[in-house]
Amino acid sequence: MEKFTPFEGIVAPLDRANVDTDLIIPKQFLKSIKRTGFGPNLFDELRYLDEGQPGQDCSNRPLNPDFVLNKPRYKGASVLLARRNFGCGSSREHAPWALTDFGFRTVLAPSFADIFFNNSFKNGLLPIVLSEEVIDQLFKETQAAEGYRLTVDLASQQIIKPDGSTIAFEVDPFRKHCLLEGLDDIGLTLQDADAIQEYEAKRRQTAPWLFDAIK
Amino acid sequence: MAGKTLYDKLWEAHVVKQREDGTALIYIDRQLLHEVTSPQAFEGLRLAGRKPWRLDANIATPDHNVPTTNRSGPIEDEVSRIQVQTLDDNCDEFGILEFKMNDARQGIVHVMGPEQGATLPGMTIVCGDSHTATHGAFGALAHGIGTSEVEHVLATQCLIQKKMKSMLIKVDGELGAGVTAKDVVLAIIAKIGTAGGTGYAIEFGGSVMQSLSMEGRMTVCNMAIEGGARAGMVAVDDKTIEYFKGRPFSPKGEQWEQAVEYWRTLHSDADAQFDAVVELDGSQIKPQVSWGTSPEMVVAIDEALPDPAAESDPVKAEGMRRAYEYMGLKPGITMGDVVPDRVFIGSCTNSRIEDLRAAAEVAKGRKVSAKVKQAMVVPGSGLVKQQAEAEGLDKIFMEAGFEWREPGCSMCLAMNADRLGDGEHCASTSNRNFEGRQGYGGRTHLVSPAMAAAAAVAGRFVDVRELN
């Protein structure tokens with residue numbers, strides 16, 4: 001995973017609550033056995049006027065002109081502004097894969113679904129929880145000013161607005177560390193291989209039925 | 001000091017290492033694998049030159065993509081075929097036990113696991129699927145994970161986690177006739193909302209939960225995620241223990257006795273404290289039907305659909321308006337005014353033998369209405385299918401005009417050929433009514449198996465208790 005560095009980006013406002021993972025990336029695209037290439041199908045059913053198929057060239061498909069990401073003013077957006085319970089539904093990691101492949105690096109919302117929130121951190125996508133009031137204000141400012149941009153600095157846990165004012169945000173220290181350093185979780189966990197083996201040896205004594213049943 | 005919750009007990013039994021930053025390394029006893037969320041995890045292992053930590057902790061079966069019609073030839077859809085083949089190849093290469101498509105034990109992972117005794121009380125169980133909470137019905141800590149974590153568990157047998165908050169949902173009283181586990185969980189989600197359980201591990205308790213069969217408890221835990229909770233669970237009792245007697249991977253002999261002794265400790269202590277408690281009166285729950293595009297948009301069958309104008313929360317009201325537009329429905333009507341174009345009985349929520357029996361009881365001696373284009377029954381596993389056929393349920397369904405299919409996830413998420421057409425309404429025993437979930441433009445109404453069968457024969461949504 002690449003290190004999460006400070007960045008400034010255009011903000012795209014997606015004004016609906018409970019955006020589920022089926023909406024973020026519909027099921028037909030989950031048939032891919034790769035981690036990449038989901039960007040053109042991000043929000044497929046909202047973004048295009050026809051039904052998308054896996055492997056299809058999306059460049060000639062009819063676009064829904066009313067959908068936020070199709071509006072020229074939000075072209076190149078890397079900050080997604082969203083409403084409560086973003087990412088609810090399935091555990092598909094294809095959702096953060098599609099968002100990052102499209103170019104998003106952060107999603108700002110009043111709340112996120114647990115599995116999506118967790119999956120995002122594993123893929124260099126930073127989900128930031130802000131109060132409903134702050135999110136409301138950001139929606140107003142984004143819609144009022146074309147080319148509205150925000151700077152996101154994870155190290156100082158701050159979002160910097162165009163007028164220079166800042167919004168502080170919370171982030172779990174371990175997840176922050178992993179994102180900033182671009183760390184591989186598995187490598188970190190394997191540093192504790194001895195502890196895992198020790199636990200396992202004890203468990204074999206206390207709960208032997210959990211071992212060797214499936215072969 | 002207050003006693004421990006079931007969740008506390010399960011958590012504490014699996015902590016490998018508590019870290020100073022508040023996270024813990026949690027040991028995972030069982031991982032279920034399927035074709036959709038595992039290929040990138042296996043590829044990750046290969047790229048890093050890693051091997052699975054413990055082969056016997058994993059079990060696999062293809063379910064999302066498999067056709068439910070004729071399986072004598074290869075899967076017609078090339079992309080689906082490649083994905084299923086990739087699971088076969090990965091399991092063969094790494095040495096993981098897999099029930100392949102034409103094995104009688106193949107099925108939806110959440111049906112297959114308990115059926116085989118591959119998921120047991122007291123285990124930590126994960127799967128790259130949000131409905132993994134199903135297995136919490138047995139007093140296990142079970143939840144869905146993404147593909148990166150599937151790889152993490154394969155490589156380390158652990159997950160890095162923070163303990164969740166605990167919620168007790170207590171359903172007391174007694175359910176009326178014709179009211180099922182599905183109605184209970186839909187009523188719960190209607191009450192707490194689709195994000196009500198976010199950040200929590202939910203324990204379902206109360207006299208209603210105790211009275212439900214293991215399959216009913218699985219239905220309730222299955223939909224914990226629809227209320228926002230990754231994990232749902234129910235305390236172990238005699239029914240739980242009885243369920244695992246003689247299953248292929250259940251402990252045997254002396255180990256069985258040892259396991260049962262431990263399993264009997266898997267309940268919340270009487271003085272345990274929960275971070276949140278929600279109570280429902282089971283006797284007030286009527287058959288439920290979802291009307292909108294979120295599992296919290298649910299009404300009782302005789303209730304008028306809600307008016308967004310009466311909703312004080314503007315974000316919620318806007319969501320309701322959008323849902324009405326997508327569903328082609330209007331506030332004030334009842335679900336009895338709606339005709340299902342298709343009926344789907346199946347999914348990890350409701351495809352077990354008791355579900356099929358309940359639907360067959362309604363279908364018996366009746367005919368699928370001419371207004372319904374298609375009604376299908378998709379058993380949860382090959383073994384459920386065999387059992388249903390031994391009981392003659394297949395004949396009851398087919399005589400009534402239902403299609404009798406091969407096991408898999410099928411129209412719950414329409415990754416195979418089973419799907420809704422644009423604008424079609426479906427009476428579905430599945431778990432999600434999101435836009436496009438069952439097919440592009442499809443309109444899902446979540447119901448119990450008995451209510452789905454009743455809608456099929458009546459040609460509209462009806463109260464199964466009033467079916468003549």
Side-chain angles (χ1 to χ4, degrees), chain A residues 15-18 20 22-23 26-28 30-35 45 51 54-55 83-85 88-94 96 111-115 118-119 122-123 132 172-174 177 184-190 192-193 195-196 198-200 203 206-215, chain B residues 16-17 21-23 25 27 29 36-37 39-40 48 50 56 59 65 79-80 82-83 86 97 118 122-123 128-130 144-149 151-152 155-158 160 162 194-195 198-199 228 230 249 251 255 258-259 262 294 315-316 318-319 322 413-415 432 434-437 440:
Chain A
D15 197 1
R16 64 190 274 165
N18 299 318
D20 59 71
D22 278 78
L23 211 55
K27 68 263 175 185
Q28 63 268 38
L30 312 190
K31 296 184 190 188
S32 166
I33 56 170
K34 298 182 187 152
R35 271 175 188 262
E45 292 181 5
E51 181 181 1
R83 294 290 186 185
R84 68 180 80 145
N85 200 27
C88 60
S90 86
S91 68
R92 62 187 70 165
E93 202 157 314
H94 312 68
S111 60
F112 292 90
D114 287 342
I115 304 180
N118 195 38
N119 284 343
K122 313 274 180 196
N123 292 282
E132 296 260 3
D172 176 89
F174 175 71
H177 173 68
D184 163 17
D185 270 6
I186 296 178
L188 278 181
T189 299
L190 287 174
D192 284 321
I196 303 171
E198 200 182 314
Y199 173 90
E200 224 166 33
R203 196 132 173 95
T206 56
W209 64 87
L210 295 174
F211 296 83
D212 304 324
I214 292 177
K215 277 175 190 165
Chain B
V16 171
K17 189 176 178 179
D21 58 17
T23 62
L25 206 55
Y27 191 82
D29 295 313
V36 179
T37 54
Q40 298 88 348
R50 290 176 177 135
D56 67 308
I59 187 165
N65 274 275
V79 211
S80 290
I82 291 170
Q83 200 167 50
T86 303
L97 178 66
M123 278 183 166
D129 189 284
S130 60
I145 54 177
T147 298
S148 293
E149 289 192 326
E151 184 184 340
H152 195 281
T156 71
Q157 214 51 52
C158 290
I160 302 163
K162 254 191 169 168
T194 183
T198 303
R230 297 176 76 175
F249 300 123
Q255 287 195 0
Q258 204 182 341
Y262 172 59
S294 162
V315 175
K316 223 170 168 181
E318 181 51 29
R322 206 191 297 273
L413 85 169
M415 274 188 82
R432 288 194 175 128
F434 298 153
E435 289 185 20
R437 169 83 179 178
Y440 186 78

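The sequence lines fix the lettering, A, B, ..., with proteins before strands; numbering per chain opens at 1. Small disclaimer: the values here were computed from a predicted structure and weren't measured.
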**OP:** Tell me, for B:Tyr262 versus chain A, whether the close heavy atoms (under 4.5 Å) come from the side chain, the backbone, both or neither.
**Re:** side chain

Subject >> Closest non-hydrogen atom pair, A:Trp209 against A:Ala213 >> reply: O-CB, 4.3 Å

Original post:
Stepwise, does the side-chain contact (heavy atoms from CB on, under 4.5 Å) test hold for B:Ser294 with B:Lys316?
Top reply: CA-CA 11 Å; B:Ser294 162; B:Lys316 223 170 168 181; over 6 Å; no

Subject >> Backbone N/O of B:Thr37 and side chain of B:Thr147: donor-acceptor pair under 3.5 Å >> reply: yes

Original post:
Between B:Thr194, B:Ile82, B:Ile59, which shows the greatest number of heavy-atom pairs under 4.5 Å with chain A?
Top reply: B:Thr194

Original post:
Hey, which of A:Ser90, A:Ala113, A:Ser91 has the most heavy atom pairs under 4.5 Å with chain B?
Top reply: A:Ser91

Original post:
Salt-bridged, A:Glu132 to A:Arg84, with N to O below 4.0 Å?
Top reply: yes

Original post:
Would you say B:Arg230's side chain and B:Gly144's backbone share a donor-acceptor pair under 3.5 angstrom?
Top reply: yes

**OP:** Heavy-atom pairs under 4.5 Å with chain A are the metric here; pick the option from B:Glu435, B:Gln258, B:Glu318, B:Lys17 that has the most.
**Re:** B:Gln258

Subject >> Under-4.0 Å salt bridge between A:Asp22 and B:Arg432 >> reply: no

Original post:
With a 4.5 angstrom heavy-atom cut-off, which part of A:Asp212 approaches chain B: side chain, backbone, both or neither?
Top reply: both

Original post:
Side chain, backbone, both or neither: which part of B:Thr86 has an atom under 4.5 Å from a heavy atom of chain A?
Top reply: side chain

Original post:
Who wins among A:Leu188, A:Leu210, A:Asn18, A:Asn123 for the most heavy-atom pairs under 4.5 Å with chain B?
Top reply: A:Leu210

Original post:
Which of the residues A:Gly55, A:Pro54, A:Gly89, A:Ala193 is involved in the greatest number of heavy-atom pairs with chain B at under 4.5 angstrom?
Top reply: A:Gly89

Subject >> Atom group of A:Thr206 that falls short of 4.5 Å from chain B, counting heavy atoms >> reply: backbone

Original post:
Which atom names give the shortest non-hydrogen contact between B:Gly146 and A:Glu93, and what distance separates them?
Top reply: C-OE1, 3.1 Å

Subject >> Region of A:Phe112 in contact with chain B, defined by heavy-atom distances below 4.5 Å >> reply: backbone

**OP:** Pick whichever of A:Lys34, A:Gln28, A:His177, A:Glu198 has the most heavy-atom pairs under 4.5 Å with chain B.
**Re:** A:Lys34

Subject >> Part of A:Asn119 lying under 4.5 Å from any heavy atom of chain B >> reply: side chain

**OP:** For each of A:Ser111, A:Pro96, A:Ala17, A:Ser32, tally heavy-atom pairs with chain B at distances under 4.5 Å, and name the one with the top tally.
**Re:** A:Ser32

Original post:
Considering residues at least two apart in sequence or located in another chain, which fulfil the side chain to side chain donor-acceptor pair (under 3.5 Å) criterion with A:His94?
Top reply: none

Subject >> Atom group of A:Pro26 that falls short of 4.5 Å from chain B, counting heavy atoms >> reply: neither

**OP:** Using non-hydrogen atoms and a 4.5 Å limit, figure out which bit of A:Asp15 sits close to chain B: side chain, backbone, both or neither.
**Re:** backbone

**OP:** Check whether any side-chain N or O of B:Gln83 sits under 3.5 Å from a backbone N or O of A:Leu30 as a donor-acceptor pair, and report yes or no.
**Re:** yes

Original post:
Looking at side-chain heavy atoms only, is the closest gap between B:Asp29 and A:Arg203 below 4.5 Å?
Top reply: yes

Subject >> Residue pair B:Glu149 / B:Ile160: nearest heavy atoms and the distance that separates them >> reply: OE2-O, 4.5 Å

Original post:
What part of B:Ile145 lies closer than 4.5 angstrom to a heavy atom of chain A: side chain, backbone, both or neither?
Top reply: backbone

Original post:
Checking B:Ala48 against chain A: side chain, backbone, both or neither under 4.5 Å from a heavy atom?
Top reply: neither

Subject >> Which atoms of B:Arg437 approach chain A - backbone, side chain, both or neither, heavy atom under 4.5 Å >> reply: both

Original post:
Checking A:Asp185 against chain B: side chain, backbone, both or neither under 4.5 Å from a heavy atom?
Top reply: both

Subject >> Minimum heavy-atom distance B:Gly436-A:Glu45, with the two atoms named >> reply: CA-OE1, 3.6 Å

**OP:** Please check if the side chain of A:Asn85 supplies one atom and the backbone of A:Cys88 the other of a donor-acceptor pair under 3.5 Å.
**Re:** no

Subject >> Per-residue contact mode, A:Lys27 against chain B (heavy atom under 4.5 angstrom) >> reply: both

Subject >> Contacting moiety of B:Thr198, where chain A heavy atoms sit under 4.5 Å >> reply: both

Subject >> Pairs of heavy atoms under 4.5 Å with chain A: top-ranked of B:Ser80, B:Gly122, B:Gly228, B:Ala118 >> reply: B:Ser80

Original post:
Using non-hydrogen atoms only, which part of A:Leu23 is less than 4.5 Å away from chain B: side chain, backbone, both, or neither?
Top reply: side chain

Subject >> Contact class of A:Lys31 relative to chain B, heavy atoms under 4.5 angstrom >> reply: both

Subject >> Between B:Glu151, B:Arg322, B:Lys162, the one whose heavy-atom pairs under 4.5 Å with chain A are most numerous >> reply: B:Arg322

**OP:** Indicate the atoms forming the closest heavy-atom contact of B:Val16 with B:Tyr27, along with that distance.
**Re:** CG2-CB, 3.7 Å

**OP:** Give a yes or no on whether the backbone of B:Gly199 and the side-chain of A:Asp114 come within a donor-acceptor separation of less than 3.5 Å.
**Re:** yes

